[in-house]
Amino acid sequence: MIEVKQVSKRFGDFTAVRDVSFRVEAGEVYGLLGENGAGKTTTMRMMATILQPTTGDIEISGFSVQRDPVEVRRRIGILFGGDVGLYNRLTARENIAYFGSLYGLEQARLQERIDSLSRMLDMEEFIDRRVGSFSRGMKQKVAIARTLVHDPDVVLLDEPTTGLDVTAANNFRRMVARMQEEGKTILFSSHNMGEINKLCKRVALIHKGSMRFAGTLESMREQYGIHDLDDIFMAVVEGSEN
Ligand SMILES: Nc1ncnc2c1ncn2[C@@H]1O[C@H](COP(=O)(O)OP(=O)(O)OP(=O)(O)O)[C@@H](O)[C@H]1O
Ligand SMILES: [Mg+2]
């Protein structure tokens with residue numbers, strides 16, 4: 001469960017996130033929508049305790065990012081889109097194991113986790129090969145396994161399909177479904193309404209740091225009286241210019 005409670009983040013005199021609140025239930029795939037610069041990454045970085053909120057708080061499975069950051073870190077996995085930053089000279093298994101050891105997992109437990117993730121993500125053929133020669137899609141599987149190695153309750157996916165082709169993006173969405181079957185609570189950020197529509201029933205829409213909407217895609221259509229989700233997005237973006 002993720003509970004965002006009136007969170008703001010200021011950088012100097014610039015407010016990147018303003019009074020944002022929403023709640024993601026356990027086992028849900030929830031969408032965080034917004035155009036470039038909306039504040040999606042900043043919000044996720046606060047959830048992951050990489051940044052501290054200026055005001056407000058976020059709870060991850062009941063633990064406060066302000067008061068219990070260590071407990072939060074144990075329960076959260078984060079994956080950023082774009083360059084996933086792996087060690088090319090290490091094998092997939094070694095890359096994942098390195099991360100797992102940072103979380104203090106014991107060797108036996110760690111290898112068990114890697115084998116199970118390798119099965120779940122169809123990585124068995126290349127798990128013991130060096131990642132230097134991997135395709136973008138293969139590297140991303142390694143990055144997903146790294147995100148999940150400590151078996152977090154909550155998974156933050158920040159524009160994870162950036163740079164993937166259509167097939168790899170589709171495969172990625174299938175993996176999100178598998179993560180959900182495993183009981184993960186997932187927050188998926190995107191600026192792409194179509195992608196959010198395929199994955200999520202409920203979304204939060206932020207624009208220039210402020211919440212514009214939170215609820216089901218159906219109620220969003222009703223509220224704006226527009227069916228097409230891209231048109232709703234444009235109405236929100238343009239409506240706020242004046
Ligand atoms: N460390 C920082 N210092 C100053 N400003 C920052 C910092 N990090 C982010 N910002 C600003 O905060 C705003 C929100 O940025 P953020 O990266 O959260 O947006 P985003 O929704 O993730 O956008 P994108 O879709 O481009 O990834 C932007 O205007 C950005 O320039
Ligand atoms: Mg971002």
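Atoms within each ligand, like the ligands themselves, are counted from 1 in listed order.
- Those atoms of ligand 1 that come under 4.0 Å of a heavy atom in A16, given as number and element, are 12 (O), 13 (C).
- V149 pairs in a side-chain contact (heavy atoms from CB on, under 4.5 Å) with only one of the listed residues (N95, I96, L102), which is I96.
- Nearest approach of M211 to S21, heavy atoms of both residues: CE-O, 3.2 Å.
- The aromatic rings of Y103 and H150 lie parallel to each other, their planes meeting at an angle below 30°, with 60° marking the opposite boundary.
- With respect to atom 23 (O) of ligand 1, the closest heavy atom belonging to the protein is G37 N, 2.7 Å.
- Among the atoms of S189, no N, O or S atom falls under 2.8 Å of the Mg ion (ligand 2).
- If you look at Y30 and F188, their ring centroids are not closer than 6.0 Å.
- Within the 4.0 Å heavy-atom cutoff, G39 counts among the residues contacting ligand 1.
- Electrostatic pairing of R109 and E106 does not count as a salt bridge here, judged by no charged N lying under 4.0 Å from a carboxylate O.
- When only modelled atom types and interatomic distance are considered, T185 and E28 share no side-chain donor-acceptor pair under 3.5 Å.
- Listed by number with element, the atoms of ligand 1 under 4.0 Å from a non-hydrogen atom of A38 are 19 (O), 20 (P), 21 (O).
- Ranking the protein heavy atoms by distance from atom 9 (C) of ligand 1 puts F11 CE1, 3.6 Å first.
- The backbone N or O of G56 sits less than 3.5 Å from a side-chain atom of Q66, completing a donor-acceptor pair.
- In this structure, atom 18 (O) of ligand 1 lies nearest to the protein heavy atom T42 OG1, 2.6 Å.
- Among protein heavy atoms, the minimum distance from atom 11 (C) of ligand 1 is reached at F14 CE2, 3.7 Å.
- Within ligand 1, counting atoms from 1 as listed, the ones closer than 4.0 Å to a heavy atom of E159 are 24 (P), 25 (O), 27 (O).
- By the definition of a contact as any protein heavy atom under 4.0 Å away, atom 31 (O) of ligand 1 is not in contact.
- For atom 25 (O) of ligand 1, the nearest non-hydrogen atom from the set H191, K208, K40 comes from K40.
- With no hydrogens or angles considered, a side-chain donor-acceptor pair links S189 and D158 at under 3.5 Å.
- In terms of protein heavy-atom proximity, atom 26 (O) of ligand 1 is nearest to N36 ND2, 3.2 Å.
- For atom 14 (C) of ligand 1, the protein comes within 4.0 Å by at least one heavy atom.
- Counting the atoms of ligand 1 from 1 in the order shown, those under 4.0 Å from a heavy atom of T41 are 17 (O), 18 (O), 20 (P), 22 (O), 27 (O).
- In this structure, a donor-acceptor pair under 3.5 Å is absent between the side chains of D128 and T91.
- Checking E195 against S190 by side-chain atom types alone, a donor-acceptor pair falls below 3.5 Å.
- Between T43 and ligand 1, not a single N/O pair is under 3.5 Å apart.
- Residue E35 places a heavy atom less than 4.0 Å from ligand 1.
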